[in-house]
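The structure appears right after this line, and notes come after that.
Numbers here simply count residues along the sequence, with the first being 1. FYI, side chains are in, hydrogens and waters are out, and symmetry mates aren't considered; it's all heavy atoms of this structure.
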Amino acid sequence: MYKRLDKNDAAVLLVDHQSGLLSLVRDIDPDKFKNNVLALGDIAKYFKLPTILTTSFESGPNGPLVPELKAQFPDAPYIARPGQINAWDNEDFVQAIKATGKKQLIIAGVVTEVCVAFPALSAIEAGFDVFVVTDASGTFNEITRDAAWARMQQAGVQLMSWFAVACELHRDWRNDIEGLGNLFSNHIPDYRNLFTSFNKG
């Protein structure tokens, strides 16, 4: 069954994009990964989607939230979990999600099989529609990533890229060409070439 993303009913959850945890990501090039995470952040801002940031055990080896995300969302709810591994086990996090009034949750985080999969599965169980952004989530290797994807899909989570998320939210290029085109150009070099060619034409 096709559950289509709706910009009026979606919220973004950025889970544990922390300096220490990012060093564990090996299933995607580190520079590309950071680009994808920031692209998802730009999408959230472009579509004015409620966005919630959360970290786990910042005082330990996981480290602080990456500064670029804090700069992107200076006013967003920021839940520093004292120890819960599954963000859904933190009452403040769940309350922040419910306060948005949205039923569709777009989730990305580090690492995929824990920090993403656990709250994604919990949200499905709680009755939300869940969309996991695969290329803005990372983990140790392809084996653990693929197992996490399979587990989430079996529970009804939809797997998408950040580019697909943006296009499904946008629906129609006639809504806006320049704004979204520039966002894509900022994060996809090949798209910049395409868009430069369009602007010259």
Atom pair CZ (F93) and CG (N90), whose distance is rounded to the nearest 0.5 Å: 8.0 Å

Under the salt bridge (charged side-chain N to carboxylate O under 4.0 Å, His left out) definition, can you give me all pairs with a residue in residues 146-161, not counting sequence neighbours? none

The side-chain hydrogen bond (donor to acceptor under 3.5 Å, both in side chains) partners of N141 (sequence neighbours excluded) come to T144

Inter-residue atom distance I43.CD1 - F163.CZ, 0.5 Å rounding: 9.0 Å

Side-chain donor-acceptor pairs under 3.5 Å in residues 67-78, sequence neighbours left out?
unit_1: E68; atom_1: OE2; unit_2: K34; atom_2: NZ; d: 3.1
unit_1: Q72; atom_1: NE2; unit_2: L38; atom_2: O; d: 3.0
unit_1: Q72; atom_1: NE2; unit_2: D42; atom_2: OD1; d: 2.8
unit_1: Y78; atom_1: OH; unit_2: E58; atom_2: OE2; d: 2.5

So OG1 of T55 and CG of L65: to nearest 0.5 Å the spacing works out to 6.5 Å

I need the minimum non-hydrogen distance between K102 and N8, along with the two atoms involved. NZ-O, 3.1 Å

Same hydrophobic cluster for V37 and F184, using side-chain heavy-atom links shorter than 4.5 Å among ILVMFWY? yes

Please evaluate residues S56 and Q84 with respect to the criterion side-chain contact (heavy atoms from CB on, under 4.5 Å), reporting the C-alpha separation (whole Å), side-chain torsions for both, the decisive distance (0.1 Å), and the verdict. CA-CA 7 Å; S56 172; Q84 298 96 341; over 6 Å; no

If two hydrophobic side chains count as joined below 4.5 Å and joins carry through other members, does W149 share a cluster with V165? no

Ignoring hydrogens, what is the shortest heavy-atom contact between A87 and V15? Give both atom names and the distance. CB-CG1, 4.4 Å

For T100 and P50, which heavy atoms make the closest approach, and how far apart are they? CG2-CB, 3.7 Å

Would you kindly confirm whether M152 and I85 end up in one hydrophobic cluster when ILVMFWY residues are joined by side chain heavy atoms under 4.5 Å apart? no

In Å, rounded to the nearest 0.5 Å, how long is the span from CD of Q104 to CZ of R4? 11.0 Å

Value for CG (D16) from CZ (F57), rounded to nearest 0.5 Å, stands at 12.5 Å

Is L22 close to V110 at the side-chain level, that is, under 4.5 Å between some pair of heavy atoms? yes

Side-chain (N36) to main-chain (K32) donor-acceptor, under 3.5 angstrom: yes

Is it possible for you to say whether V114 and V66 belong to one hydrophobic cluster, with membership spreading through side-chain heavy-atom contacts below 4.5 Å? yes

Taking NZ, NE, NH1 and NH2 as the nitrogens, is one of them in R81 or D89 under 4.0 Å from a carboxylate oxygen of the other? no

Do any pairs count as a side-chain hydrogen bond (donor to acceptor under 3.5 Å, both in side chains) and have a residue in residues 166-184, sequence neighbours left out, and if so which ones? Y2-E168, Y46-D176, D172-R174

Contact check, side chains of F33 and H17, non-hydrogen atoms, under 4.5 Å: yes

Using a 3.5 Å cut-off and no angle test, enumerate the donor-acceptor pairs between side-chain atoms of residues 115-140 and protein atoms at least two apart in sequence or in another chain.
unit_1: S122; atom_1: OG; unit_2: N86; atom_2: ND2; d: 3.0
unit_1: S122; atom_1: OG; unit_2: F118; atom_2: O; d: 2.9
unit_1: D129; atom_1: OD1; unit_2: K3; atom_2: NZ; d: 3.0
unit_1: T134; atom_1: OG1; unit_2: M160; atom_2: O; d: 3.3
unit_1: D135; atom_1: OD1; unit_2: W162; atom_2: N; d: 3.0
unit_1: S137; atom_1: OG; unit_2: G109; atom_2: N; d: 3.1
unit_1: S137; atom_1: OG; unit_2: V133; atom_2: O; d: 2.9
unit_1: T139; atom_1: OG1; unit_2: E113; atom_2: OE1; d: 2.6
unit_1: T139; atom_1: OG1; unit_2: E113; atom_2: OE2; d: 3.3

Separation between CD1 (I106) and CD (Q158), nearest 0.5 Å, reads 10.5 Å

Tell me every residue that passes side-chain hydrogen bond (donor to acceptor under 3.5 Å, both in side chains) with R145, counting only those two or more places apart in sequence or in another chain. none

How about NZ on K98, more than 12 heavy atoms from neighbouring residues, nucleotides or ligands closer than 6.0 Å, or not? no

In one Ile/Leu/Val/Met/Phe/Trp/Tyr side-chain cluster, 4.5 Å: L14, W88: no

Do the side chains of I97 and L13 get nearer than 4.5 Å, heavy atoms only? yes

Indicate yes or no: at least one non-hydrogen side-chain atom of V12 is less than 4.5 angstrom from one of I52. no

